[in-house]
Amino acid sequence: MKFFVDTAEIADIKELADTGLLDGVTTNPSLIAKSGRDFMEVTREICGIVDGPVSAEVVALDHAGMMREAEILRKIADNVCIKVPLTIDGLKTCKALTGEGTMVNVTLCFSANQALLAAKAGATFISPFVGRHDDNGFDGLDLIRDIRLIYDNYAYETQILAASIRHGVHVLECARIGADVMTAPPAVIKGLFKHVLTDKGIEGFMADWAKTGQTI
Ligand code: E4P
């Protein structure tokens, strides 16, 4: 499973990229606002840190406006992936852009039928929001399961990018189901490295090693 980080914070992106385990980055207008950075400038900087896809979201709601914004955003770098909302205009834009060889991430997906439409529109990635689905009394992981089943039924190449990931259990279950990618905040990804028994084990080994008086 590919790991994308869901942030526009450069320090976090650099730290995770340094592990060699980061496959891409997703941003959205809220994350850009939170960063306090200029959209174009921060997107350019992120694209220079990671080789993989960097999602940059359009803010126009009509097809012509989305195409105009996508034209500007895709010039930033070769690894820019245009993010469009799951609306009729968004999917029209998706079809047009992927037809021209531009990567597209269709975002704000909350039903398997929406995901089916995105695949038919040739989306590179579909982003079902697991956590926000859970927040509203649905099972976000069931959504990932349904999309996996449907995409496999028809051998759609659209990659399932599990988004709105809130904790390690979401990551684990998405991997079990076979999501192609998951995007999570930096803290969730950093949390995956941790286990209390790993820390305890290191502590014990270090204490015993010190007793030997040896060095390597
Ligand atoms: C996906 O690309 C979105 O940016 C993101 O995962 C939304 O997550 P949230 O529900 O935590 O805001």
Side-chain angles (χ1 to χ4, degrees), residues 1-19 21-59 66 69-70 72-74 76-87 90-91 93-94 97-98 102-110 114-115 118 123-135 140 143-144 147 158-168 170-171 174-175 179-192:
M1 183 162 69
K2 290 177 207 158
F3 276 30
F4 290 1
V5 66
D6 200 29
T7 188
E9 301 300 329
I10 296 295
D12 286 323
I13 294 168
K14 276 189 178 154
E15 186 185 353
L16 288 166
D18 279 350
T19 66
L21 303 177
L22 189 64
D23 302 296
V25 177
T26 50
T27 66
N28 63 41
S30 306
L31 293 170
I32 296 294
K34 195 171 159 203
S35 77
R37 297 280 310 272
D38 174 80
F39 182 28
M40 298 292 287
E41 192 184 284
V42 78
T43 304
R44 190 171 297 111
E45 201 172 334
I46 296 169
C47 288
I49 298 168
V50 296
D51 293 333
V54 175
S55 290
E57 190 160 341
V58 297
V59 289
M66 287 182 194
E69 291 176 359
I72 295 168
L73 295 173
R74 67 179 170 183
I76 293 176
D78 288 345
N79 54 336
V80 165
C81 174
I82 305 298
K83 205 172 180 187
V84 300
L86 209 153
T87 59
L91 292 188
T93 305
C94 172
L97 292 174
T98 54
T102 297
M103 289 186 287
V104 175
N105 176 359
V106 178
T107 190
L108 292 166
C109 170
F110 291 93
Q114 287 181 315
T124 316
F125 300 103
I126 180 69
S127 288
F129 278 35
V130 177
R132 291 195 199 185
H133 215 57
D134 290 352
D135 294 345
L143 176 60
I144 304 294
I147 300 171
T158 299
Q159 296 181 52
I160 302 174
L161 196 177
S164 190
I165 294 293
R166 301 273 165 79
H167 46 68
H170 275 160
V171 178
C174 283
D180 301 284
V181 192
M182 74 90 200
T183 190
V188 172
I189 298 181
K190 287 180 206 168
L192 300 176

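Every value quoted in this text rests on a predicted model; they were computed, and no experiment measured them.
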Practice task
Using atom types as modelled and distance alone, determine if a side-chain donor or acceptor of T102 lies under 3.5 Å from a backbone N or O of T98.
Solution key: no

Exercise for the section: Decide yes or no for I82 and V80: does some side-chain heavy atom of the first lie under 4.5 Å from some side-chain heavy atom of the second? Expected result: yes

Fill in the blank from the handout: What one should report as the nearest heavy-atom pair of A70 and L97 is CB-CD1, 3.7 Å

Practice task
Test side-chain contact (heavy atoms from CB on, under 4.5 Å) on H133 and S164 and set out the steps.
Solution key: CA-CA 9 Å; H133 215 57; S164 190; over 6 Å; no

Handout entry: Candidate pair V59 and E69, rule side-chain contact (heavy atoms from CB on, under 4.5 Å), full reasoning
Key = CA-CA 8 Å; V59 289; E69 291 176 359; 3.5 Å; yes

Problem - Side chains of V104 and F125 in contact at under 4.5 Å (non-hydrogen atoms) - result: no

Exercise for the section: Evaluate the side-chain proximity of R37 to E45: yes if any heavy-atom separation is below 4.5 Å, no if none is. Expected result: yes

Handout entry: Separation of D134 CG from R166 CZ (nearest 0.5 Å)
Key = 7.5 Å

Problem - Side chain to side chain, R74 and M103, heavy atoms closer than 4.5 Å - result: no

Exercise for the section: Mind running side-chain contact (heavy atoms from CB on, under 4.5 Å) on Q159 and K2 for me, showing each step along the way? Expected result: CA-CA 10 Å; Q159 296 181 52; K2 290 177 207 158; 2.8 Å; yes

Practice task
Taking all heavy atoms of L22 and all of L16, pick out the closest pair and write down the distance.
Solution key: CB-O, 3.9 Å

Exercise for the section: Could you check if a side-chain atom of T7 sits within less than 4.5 angstrom of a side-chain atom of I13, using non-hydrogen atoms only? Expected result: yes

Fill in the blank from the handout: For D180, the salt bridge (Lys or Arg N to Asp or Glu O under 4.0 Å) test, sequence neighbours excluded, returns R148

Practice task
Using a 4.5 Å cut-off on heavy atoms from C-beta on, say whether the side chain of M66 contacts that of P85.
Solution key: yes

Problem - Spacing of CG belonging to L192 relative to NZ belonging to K190, to within rounding of 0.5 Å - result: 12.0 Å

Exercise for the section: Would you check if the side chain of T27 reaches a backbone N or O of S55 as a donor-acceptor pair within less than 3.5 Å? Expected result: yes

Completion exercise
Rounded to the nearest 0.5 angstrom, the CE-CG distance for M1 and L161 is 10.5 Å

Problem - Donor-acceptor under 3.5 Å (D6 side chain, T183 main chain) - result: no

Practice task
Would you indicate whether D18, at its atom CG, is surrounded by more than 12 heavy atoms from other residues, nucleotides or ligands within a distance under 6.0 Å?
Solution key: yes

Exercise for the section: Would you please test V5 and T26 for side-chain contact (heavy atoms from CB on, under 4.5 Å) and show each step? Expected result: CA-CA 6 Å; V5 66; T26 50; over 6 Å; no

Problem - Sub-4.5 Å side-chain heavy-atom contact between I126 and N105 - result: no

Practice task
Starting at CD1 of I189, measure out to CZ of F4 and round the result to the nearest 0.5 Å.
Solution key: 10.5 Å

Handout entry: Atom pair CD1/CD1 of I165 and I144 - distance to nearest 0.5 Å
Key = 6.5 Å

Problem - Heavy atoms from other residues, nucleotides or ligands near CG of D51 exceed 12 (cutoff 6.0 Å) - result: no

Practice task
Looking only at non-hydrogen atoms, find the nearest pair between A17 and V50 and report the distance.
Solution key: CB-CG1, 4.3 Å

Handout entry: Pairwise distance CD(Q114) to SG(C109) - rounded to 0.5 angstrom
Key = 5.0 Å

Completion exercise
Closest non-hydrogen contact found for F110 with R132 is CE2-CB, 3.8 Å

Handout entry: Polar side chain donor-acceptor pair, T107 to S127, under 3.5 angstrom
Key = no

Practice task
State whether the side chain of D23 and the backbone N or O of F3 hold a donor-acceptor pair below 3.5 Å, judged by distance alone.
Solution key: yes

Practice task
For residues L91 and A118, report the shortest heavy-atom separation together with the two atoms involved.
Solution key: CD2-CA, 3.9 Å

Handout entry: Nearest heavy-atom neighbours spanning V188 and G168
Key = CG1-N, 4.4 Å

Problem - Test side chain to side chain contact (heavy atoms under 4.5 Å, CB included) applied to R44 - qualifying residues, sequence neighbours left out - result: M40, I76

Exercise for the section: Please tell me if the side chains of I46 and I10 come closer than 4.5 Å, counting only heavy atoms from C-beta onward. Expected result: yes

